[in-house]
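After the structure tokens below, expect a handful of questions from me.
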Protein chains: 2
Amino acid sequence: MNRFLSNATNRIDAKGRVSVPSMFRAVLARAAVEELYAWQDFVFPAVSMAGPEVLDRFERMIGSQDPFSAQANEMSLLIHGGGVFMKLDGEGRLLVTDFIRDFTGITDRVTFAGRGDHFQLWEPAAFEEMQSRARKERTARS
Amino acid sequence: MNRFLSNATNRIDAKGRVSVPSMFRAVLARAAVEELYAWQDFVFPAVSMAGPEVLDRFERMIGSQDPFSAQANEMSLLIHGGGVFMKLDGEGRLLVTDFIRDFTGITDRVTFAGRGDHFQLWEPAAFEEMQSRARKERTARS
DNA sequence: TGGGCCACCATGGGCGTCAATGGGAACTGC
DNA sequence: GCAGTTCCCATTGACGCCCATGGTGGCCCA
């Protein structure tokens with residue numbers, strides 16, 4: 001499979017590391033991604049990750065806008081100022097930094113959620129709640 | 001036959017596996033489906049399964065919206081974050097994971113229900129009740 | 001038409017492999 | 001030197017793959 005799908009919750013160890021689900025690692029390996037670009041989601045309290053090509057996409061989007069517009073300015077602030085590069089260790093784990101903890105509320109467990117072309121890190125309870133809320137709204141609309 | 005029809009109830013074994021009815025497996029084999037896309041039904045407490053082309057359909061639905069809108073983000077949360085790929089073992093069984101149990105209430109038996117282009121997994125009693133209720137409502141209208 | 005044989009399906013369980021997790025030790029920058 | 005990291009290696013529990021068995025329904029043949 002070539003996209004990020006489903007969700008899984010893993011534990012953070014004493015050193016602050018957490019295993020990225022093997023399914024997601026397989027997708028990354030297939031795309032030959034070495035370094036992950038991470039940014040804060042624009043809507044939810046979650047940190048997103050993907051290969052560096054999404055950063056290119058974001059930059060092209062900014063480039064297509066008026067460089068002096070407030071919107072382009074804001075987006076650059078989010079994309080560049082709110083983004084970092086991360087690497088996995090030999091076992092496919094990543095360090096849960098304060099960048100991640102502060103924005104998501106994650107403490108000792110992480111829920112990984114696939115999002116198609118990227119995946120996200122959530123505080124488990126927040127993920128549960130957001131998902132059931134989204135489902136409720138969707139049924140209410142139909 | 002090329003669509004999912006009728007229903008059957010099978011037992012979950014000690015390892016948490018359950019046989020997919022051979023009738024359904026035949027439909028899958030005819031469509032050359034190797035991997036199943038599973039998602040939580042938007043109305044009933046049931047998990048639906050079908051070939052990956054259903055996911056494509058869902059993604060096209062999202063793709064037609066503004067990719068940065070909250071609504072597209074929410075929908076992706078459901079179909080990507082709330083969807084799973086599952087594989088059958090050599091005997092045509094699938095693992096009944098917590099993803100399925102929590103949402104359906106399934107414990108030791110599963111009712112498989114054909115739904116045309118996909119099929120669903122139900123807790124047997126819940127399926128009985130839903131079906132008889134649907135039947136009652138229908139006769140009340142006619 | 002009845003009986004028996006056979007094939008297939010649902011189910012059970014063994015075993016090897018791999019992912020998730022834990023922890024030691026070297027390494028590096030402050 | 002110390003704290004935060006990175007690179008290994010160990011453990012264990014879950015899952016995938018394989019083979020076995022029993023029961024049932026269908027089919028063939030007498």
(message) Rounded to whole Å, how long is the line connecting atom CG of B:Asp108 with atom P of C:dG12?
(response)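 Value for this atom pair: 11 Å.
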(message) I'd like to know if the side chain of A:Thr104 pairs up with that of A:Glu123 as donor and acceptor (distance under 3.5 Å, no hydrogens or angles considered).
(response)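 A:Glu123 and A:Thr104 do not have a side-chain donor-acceptor pair below 3.5 Å.
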(request) Inspect the contact between A:Arg3 and B:Asp56 and indicate whether a charged nitrogen and a carboxylate oxygen are less than 4.0 angstrom apart. (result)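 So B:Asp56 pairs with A:Arg3 through a salt bridge.
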(request) Look at B:Arg133 together with B:Glu129 and state whether they make a salt bridge at an N to O cut-off of under 4.0 Å. (result)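 Salt bridge between B:Arg133 and B:Glu129, a charged N being under 4.0 Å from a carboxylate O: yes.
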(message) According to salt bridge (charged side-chain N to carboxylate O under 4.0 Å, His left out), who are the partners of B:Glu34, at least two apart in sequence or on a separate chain?
(response)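 Partners of B:Glu34 by the salt bridge (charged side-chain N to carboxylate O under 4.0 Å, His left out) criterion come out as none, since no residue qualifies.
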(request) Answer yes or no: side-chain N or O of A:Arg17 and base N or O of C:dG23 forming a donor-acceptor pair under 3.5 Å. (result)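 In this structure, the two groups form a donor-acceptor pair.
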(message) Using a distance-only criterion (donor-acceptor N/O pair, under 3.5 Å, no hydrogens), is the base of C:dT11 paired with the side chain of B:Lys15?
(response)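 By the distance-only test, no, there is no pair.
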(message) Please give me every residue in residues 80-93 of chain B whose heavy atoms get under 4.0 Å of an atom in DNA chain C, ordered by residue number.
(response) B:Glu91, B:Arg93
(request) Using atom CG of B:Leu94 as one end and atom P of D:dG16 as the other, report the distance to the nearest whole Å. (result) 11 Å
(request) Find out whether B:Met61 and B:Glu59 are in side-chain contact, i.e. whether some heavy atom of one side chain is under 4.5 Å from a heavy atom of the other. (result) no
(request) Using the six-membered ring wherever Trp is involved, compare the ring planes of A:Phe119 and A:Phe112 and label them parallel, tilted or perpendicular (cut-offs 30° and 60°). (result)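 Because their plane-to-plane angle lies in the 30° to 60° range, the rings of A:Phe119 and A:Phe112 count as tilted.
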(message) Students often get this wrong, so: under 4.0 angstrom with heavy atoms, is B:Ser22 touching a base, only sugar-phosphate, or nothing?
(response)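 If one applies the 4.0 Å heavy-atom cut-off, B:Ser22 turns out to touch the sugar-phosphate alone, with no base involved.
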(message) If the helix axis at each end comes from five base pairs, how far does the helix from C:dT1-D:dA30 to C:dC30-D:dG1 deviate from straight, to 10°?
(response)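 What I find for the helix from C:dT1-D:dA30 to C:dC30-D:dG1 is an axis angle of 30°.
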(message) Suppose we call a contact any N or O donor and acceptor under 3.5 Å apart; does that hold for the side chain of B:Arg11 and the base of C:dG12?
(response)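 Between C:dG12 and B:Arg11, which were checked side chain against base, a qualifying N/O pair under 3.5 Å is absent.
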(request) Anything under 30° is parallel, anything over 60° is perpendicular, the rest tilted; go ahead and classify B:Trp39 against B:Phe58. (result)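 Because their plane-to-plane angle is over 60°, the rings of B:Trp39 and B:Phe58 count as perpendicular.
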(request) Quickly work out the A:Phe24 CZ to C:dA19 C1' distance and round it to whole Å. (result)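 Interatomic distance, CZ of A:Phe24 to C1' of C:dA19: 15 Å.
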(request) Let me know the distance between CG of B:Asn10 and P of C:dG12, rounded to the nearest Å. (result)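 Going from CG in B:Asn10 over to P in C:dG12 covers 11 Å.
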(request) Can you tell me the distance, in whole Å, between the CD1 atom of B:Ile12 and the C1' atom of C:dT11? (result) 13 Å
(message) If I take atom CG in residue A:Asp13 and atom P in nucleotide C:dG24, what distance separates them, rounded to the nearest angstrom?
(response) 12 Å
(request) Determine, for B:Arg57 against B:Asp117, whether the closest basic-nitrogen to carboxylate-oxygen distance falls under 4.0 angstrom. (result) yes
(request) For the residue pair B:Ser76 and A:Arg115, confirm or rule out a side-chain donor-acceptor distance under 3.5 Å. (result) yes
(message) From CD of B:Glu34 over to P of D:dC17, roughly how many Å is that when rounded to an integer?
(response)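 For the pair B:Glu34 CD and D:dC17 P, the rounded distance is 11 Å.
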(message) What is the separation between atom CG on A:Asp98 and atom C1' on D:dT5, rounded to the nearest whole Å?
(response) 15 Å
